[in-house]
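This report concerns only the one structure given below.
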Amino acid sequence: MDNIIRLSIAHMGGHEQAYIERAFDTNWVTPLGPNVDRFEQFLSAYTGTACRVVALSSGTAAIHLGLVLLEVKPGDEVICQSFTFAATVNPVTYLGGVPVLVDSERDTWNMDPSLLEKAILDRLEKSGRLPKAIIPVHLYGMPAKMDEIMAIADRYHIPILEDAAEALGSEYDGQKCGTLGRLGVLSFNGNKMITTSGGGALICRTEQEAGRIVFLATQARDDAPHYQHSEIGYNYRLSNICAGIGCGQMHVLDEHVERRRAIHALYAEWLKGVPGVTVMERPGERFNPNYWLTCITVDPRLAGKTRDDIRLALLADHIESRPLWKPMHLQPVFSGLPFYGSGVSEQLFETGLCLPSGSSLTDEEIEQVVNGIKSCININ
Ligand SMILES: *Cc1c(COP(=O)(O)O)cnc(C)c1O
């Protein structure tokens, strides 16, 4: 597109157009059709469980419908990871619910299990009710500490909606992220692991549940020859054209995951020993991230430069990098929400930087990024 080294861009595999052409040839230019069915089958097979996957127009829509399925109503509280993209939290408010924000731990940068339990108990004491759902996130593709989180959720009988929007291909204990909780969310936006230009999916447990999601996603139309509605519906189904891109992308998903992991390994090797720069690593074998984005943290006392010095130096070299997500409890739009914190996500936001990690990047481009960082902090 241009000669800037980007953070993460769409990366076509070559099979996409054949699926789209088939849709045109058979006039399936619709929000249902054979590509949608195929894409859902590919995804169900890939997640490797009995789960039934429903393709939707975005990851945000998947979170929204997941919360509808979990019967989140006005005034209900939903516990969300604070350190995330706003799309995790916004849908709670679409339903009149109240997001309760929980900070991250240092190992995975995801929801801190001990703060989660503290939040549950405090909400129970303050409101007399338990939160309706818990939304942990596998940020940057790093699996959250799901065993601990699920044990707490089970203790209080609160369902988990897993935000795996950044974690397609990541595994926790050998199981695909998005299949561990009660429901799971995937995203196929332009910069995610694979793209449908825009799209998402909800990973459901049963056929019946999946049927209900399809019903809600197609305007909640009752079974009648005329248009009749007994419930509020949504227009959230993925189009057959977009699903065709997704089908093509499934052919290269494994390659893309491998490439992102290889890029992370290159950064880890080449940045080793650079003072003040730490590459985010998995905390143990149970965690098998897709390394959607490789992230570093910068200690200015050791590096002699701040995160922003490095970001601006890279920008001058035509390299895009970006600060880590600004936590939701620091967002003006969410000020005043209940927050259970320890300072971890604030510190990560101040010191962390996402590096170019797209699967189409070459080793030479990664080397350019590394050299940019090194020359910024005066080592060559
Ligand atoms: C991208 C993303 C979403 C939303 O997905 P869309 O398909 O863009 O709506 C939700 N949560 C997280 C953590 C994301 O990164």
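Note that the structure is predicted; figures quoted are calculated from it, not measured. Order of appearance sets the numbers: ligands from 1, and atoms from 1 within every ligand.
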Output the list of atoms in ligand 1 that are nearer than 4.0 Å to some heavy atom of [X], sorted by atom number.
X    : result
N189 : 8 (O)
T84  : 13 (C)
G199 : 7 (O)
T60  : 4 (C), 5 (O), 6 (P), 9 (O)
A87  : 3 (C), 4 (C), 10 (C)
A165 : 2 (C), 3 (C), 10 (C), 11 (N), 12 (C), 14 (C)
T88  : 11 (N), 13 (C)

Salt bridge flag under 4.0 Å for residues [X] and [Y]:
X    : Y    : value
E40  : R52  : yes
K126 : D122 : yes
K118 : D112 : no

>> Let's go through S170 and H138 carefully: what are the C-alpha distance in whole Å and the side-chain angles of both, what is the deciding distance for side chain to side chain donor-acceptor pair (under 3.5 Å) to 0.1 Å, and is it a yes or a no?
In response: CA-CA 9 Å; S170 298; H138 308 296; over 6 Å; no

> Should the ring pair H329 and F339 be called parallel, tilted or perpendicular, given that the plane angle runs from 0 to 90° and is split at 30 and 60?
Replying inline: parallel

>> My understanding is that only one of L168, I194, T196 makes a side chain to side chain contact (heavy atoms under 4.5 Å, CB included) with Q249; could you say which?
In response: I194

>> For the residue pair R38 and Y19, would you count it as a cation-pi contact if the rule is NZ or CZ under 6.0 angstrom from the ring centre and within 45 degrees of the ring axis?
In response: no

I need the nearest protein heavy-atom contact for [atom]: residue, atom name and distance, please.
atom                    : answer
atom 2 (C) of ligand 1  : K192 NZ, 2.6 Å
atom 5 (O) of ligand 1  : S187 OG, 3.3 Å
atom 11 (N) of ligand 1 : D163 OD2, 2.8 Å

>> When you compare ligand 1 with E166, is there at least one nitrogen or oxygen pair between them that comes in under 3.5 angstrom?
In response: yes

>> Can you confirm, on distance only, whether ligand 1 has an N/O atom lying under 3.5 Å from any N/O atom belonging to G59?
In response: yes

> At a non-hydrogen distance cut-off of under 4.0 Å, which region of V137 contacts ligand 1 (side chain, backbone, both, or neither)?
Replying inline: side chain

> Are any side-chain N or O atoms of R307 and backbone N or O atoms of L353, one a donor and one an acceptor, separated by less than 3.5 Å?
Replying inline: no

>> So does I135 get a backbone contact from the side chain of D163, meaning a donor-acceptor N/O pair under 3.5 Å?
In response: no

